[in-house]
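Keep in mind the model is a prediction, meaning the values are calculated, not measured.
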Amino acid sequence: MAKEEASGKLEWRINVPDGTWKNLEAESGIVGKFWLRLKCLILGGLISRVVGFWEKIWKIGVGEPRKVIHCIKVGVALCIVSLFYYMRPLYDDFGGNAMWAVMTVVVVFEYTVGATLSKCINRAVATFLAGALGVGIHWVADHSGNEMRPIILGISVFLFASAATFSRFIPSVKARFDYGAMIFILTFSLVSVSGFRVVELIELAQQRLSTIAIGTSLCIFVTMLFCPVWAGCELHRLIHQNIEKLADSLDACVVEYFKDSGNLSDQEDINKKIQGYKCVLNSKATEESLSNFARWEPTHGQFNFGHPWKQYLKLGVALRKCAYCIETLNSCIGSEIQAPPCIRENLGDKCLKVSCYSTKVLKELVITIKKMKKSSKIDFRVAEMNFAVKELRDALKSLPSHVIAPLSIATIEQPPEAKTGEPISNANVPPIMKVLPLVTAVSLLIEIAARIGGIVDAVEELASLAEFEPAKEQKPKQNQPTNVSTLKV
């Protein structure tokens, strides 16, 4: 076998059994390269993307089967309402307006019962008001003469559409009736404009209103009777899950800061728990949406019609205040400047104690909200947390005087390494700079305990407004200490 390179082109020559030579030229043309890349894209990239897409769909369906059930409910509702178009007797009664029932089902059917009820009621009321007002304006225009008729209709469309559009900027209206204002504009404009050419306007408005009523009634019937998803239950579950994530995140942050986990699996679990506060910070929009939809829902389960859903928003605000402190505490992990071991060990034990009792308070609040039953232990848990905070403050005050004393000018002067841009070692850091990150973490932990007290107050207010089941008094055991100061961790 021989290789020759001439005129910038690669050529291979091989000797075959019959004694002749054959040339094999490398495919270096643009068409050949394009074809190879196209085959790789079709056979490799496209197939892998399709497989990955179906794997994601499968995981979503298995992880949240209620979403699959919701899809089935939408399909069932559309099949039923389509009968008004397929069956001749029903089509003769409604005609082409039967399509409005199909459109209504497509537009108003939502995942939760509250969202569906909100859209159904908004659409029905807005359609009725806009239709009645449009018919009234049309009657006035008819009795004003042919010359004034288009002017009156045009002015009425301008005024009512502008007023309804402005109402969508009002926060209270936008929160609950934004969809209704939009439907009002649409219906009033259609009735006013179509009424200029249509003779039997009242019959047309009646048919459209009846088809919309059929569509909304069908949506309410299907969403409430077949595997309903209540927005109130979702909000209730979201709140106590956020409290639980906050407790796990706080505990994992303090453990990670003061202890080094040697086991890799434990380290991965700790890192996963630490990120729990992010879910709390990102849940504001979901809480507001679920609270708005929950107010439309009737009595279900343990939730009455006048359930204090707004109090859940106040509780969510208290949770996010605490989550912001945990986020700041998480940023202290992995600081290059470390405090002396003796100080770190002394304050570390106190901090772990505060974290332990704070986590117990949050866990007790989770049980209170989940069971909707007032806790008989919450006061005791809060007293434990406050006493641990007091011990931590005393330990912080007892730091050596040379650490907390003001620095002299010589101490403040930067070492040579800082001037040359090289990293500063822990030995060259002034004493107060060594202990500053630790003091910051301790201060944040004390602030977190104070904000947990605000969460306790919000939960107690919710329990009072929602009339949670009163707690059963438990008799203290004989060996149980009565003084909080005698407790051992």
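No donor-acceptor distance shorter than 3.5 angstrom exists from the side chain of Ser289 to the backbone of Ala285, with no hydrogens or angles considered. The backbone N or O of Ala161 sits less than 3.5 Å from a side-chain atom of Thr165, completing a donor-acceptor pair. Using modelled atom types, no side-chain atom of Ser283 and backbone atom of Thr286 make a donor-acceptor pair closer than 3.5 Å. The backbone N or O of Phe226 sits less than 3.5 Å from a side-chain atom of Lys73, completing a donor-acceptor pair. Checked by atom type and distance alone, the side chain of Ser291 never pairs as donor or acceptor with a backbone atom of Glu287 at under 3.5 Å. Lys273 places no side-chain N or O within donor-acceptor distance of the main-chain N or O of Asp251, the cut-off being under 3.5 Å. Distance alone, capped at 3.5 Å, places no donor-acceptor pair between the Thr116 side chain and the Ile220 backbone. Distance alone, capped at 3.5 Å, is enough to place a donor-acceptor pair between the Glu297 side chain and the Gly114 backbone.
Side-chain contact between Phe109 and Val222: present, with at least one pair of heavy atoms (C-beta onward) separated by less than 4.5 Å. Under the 4.5 Å side-chain criterion, counting only non-hydrogen atoms from C-beta, Ser167 is not in contact with Phe177. Considering only heavy atoms from C-beta on, Leu315 comes within 4.5 Å of Ile369 through its side chain. No side-chain heavy atom of Val125 sits under 4.5 Å from any side-chain heavy atom of Phe184. Using a 4.5 Å heavy-atom threshold, the side chains of Met385 and Arg381 count as separate. Looking at heavy atoms from C-beta onward, Arg320 lies in side-chain contact with Val280 at the 4.5 angstrom threshold. Within the 4.5 Å cutoff, side-chain heavy atoms of Tyr179 are placed close to those of Val107. A 4.5 Å side-chain heavy-atom check between Phe303 and Met372 finds at least one atom pair inside the cut-off.
Lys374 NZ: more than 12 foreign heavy atoms inside a 6.0 Å radius. The local environment of CD in Glu467 is sparse, with at most 12 non-hydrogen atoms from other residues, nucleotides or ligands closer than 6.0 Å. Within a 6.0 Å sphere centred on OH of Tyr111, other residues, nucleotides and ligands contribute more than 12 heavy atoms. For Lys363, the NZ atom is densely surrounded, since the number of other residues' heavy atoms within 6.0 Å is greater than 12.
Under a 4.0 Å N-O distance rule, the pair Arg451/Asp457 does not qualify as a salt bridge. Under the 4.0 Å criterion applied to side-chain N and carboxylate O atoms, Lys390 and Asp394 are assigned as salt-bridge partners. Glu384 and Lys360 are not joined by a salt bridge, as no carboxylate oxygen comes within less than 4.0 angstrom of a charged side-chain nitrogen.
Nearest heavy atom pair, residue His240 against residue Val366, reads O-CG2, 3.7 Å. Taking all atoms of both residues into account, the shortest heavy-atom contact from Ile185 to Ala164 is CG1-CB, 3.5 Å. Contact record, Ala458 with Gln311: O-NE2, 3.2 Å, taken as the closest heavy-atom pair. Between Ser375 and Glu364, the shortest heavy-atom distance links the atoms OG-OE2, 2.6 Å. Contact between Ala101 and Val81 at its shortest, heavy atoms only, is CB-CG2, 3.5 Å. Leu465 approaches Pro308 most closely through the heavy-atom pair CB-CG, 3.7 Å.
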Decide side-chain contact (heavy atoms from CB on, under 4.5 Å) for Ile446 and Val354; before the verdict, give the C-alpha distance in whole Å, the side-chain angles of both, and the deciding distance to 0.1 Å.
CA-CA 8 Å; Ile446 294 174; Val354 173; over 6 Å; no
Is there a side-chain contact (heavy atoms from CB on, under 4.5 Å) between Tyr257 and Leu438 once you walk through the steps?
CA-CA 9 Å; Tyr257 187 81; Leu438 179 60; 3.8 Å; yes
Worked check of side-chain contact (heavy atoms from CB on, under 4.5 Å) between Thr368 and Ile378
CA-CA 9 Å; Thr368 299; Ile378 189 64; 5.7 Å; no
Step by step, would you call Asn122 with Trp296 a side-chain contact (heavy atoms from CB on, under 4.5 Å)?
CA-CA 11 Å; Asn122 271 276; Trp296 292 93; 3.8 Å; yes
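Inspection of the Ser118 and Asn292 side chains reveals no N or O donor paired with an N or O acceptor under 3.5 Å.
Between the CZ atom in Arg176 and the CZ atom in Phe293 there is a gap of 11.0 Å [rounded to 0.5 Å]. Interatomic distance, SG of Cys219 versus CG of Leu78, reported as 8.0 Å (0.5 Å rounding). Atom CG of Asn330 is separated from atom SG of Cys325 by 12.5 Å, given to the nearest 0.5 angstrom. Note that CG of Asn242 is 11.5 Å distant from SG of Cys322, once rounded to the nearest 0.5 Å. Atom CH2 of Trp309 and atom CG of Leu290 lie 9.5 Å apart (nearest 0.5 Å). Distance check, rounded to the nearest 0.5 Å: CG of Leu133 to CZ of Phe128 gives 11.0 Å.
Judged as a side chain to side chain donor-acceptor pair (under 3.5 Å), and not counting sequence neighbours, the contacts of His307 are Tyr312. With sequence neighbours left out, the ring pair (Phe, Tyr, Trp, His ring centres under 6.0 Å) criterion links Trp230 to His300.
Residue pairs satisfying the salt bridge (Lys or Arg N to Asp or Glu O under 4.0 Å) criterion with at least one member in residues 216-242, sequence neighbours excluded, are listed as follows: Arg66-Glu234, Glu234-Arg237.
Residue Leu445 forms a side chain to side chain contact (heavy atoms under 4.5 Å, CB included) with just one option from Leu352, Leu250, Val389, and that option is Leu250.
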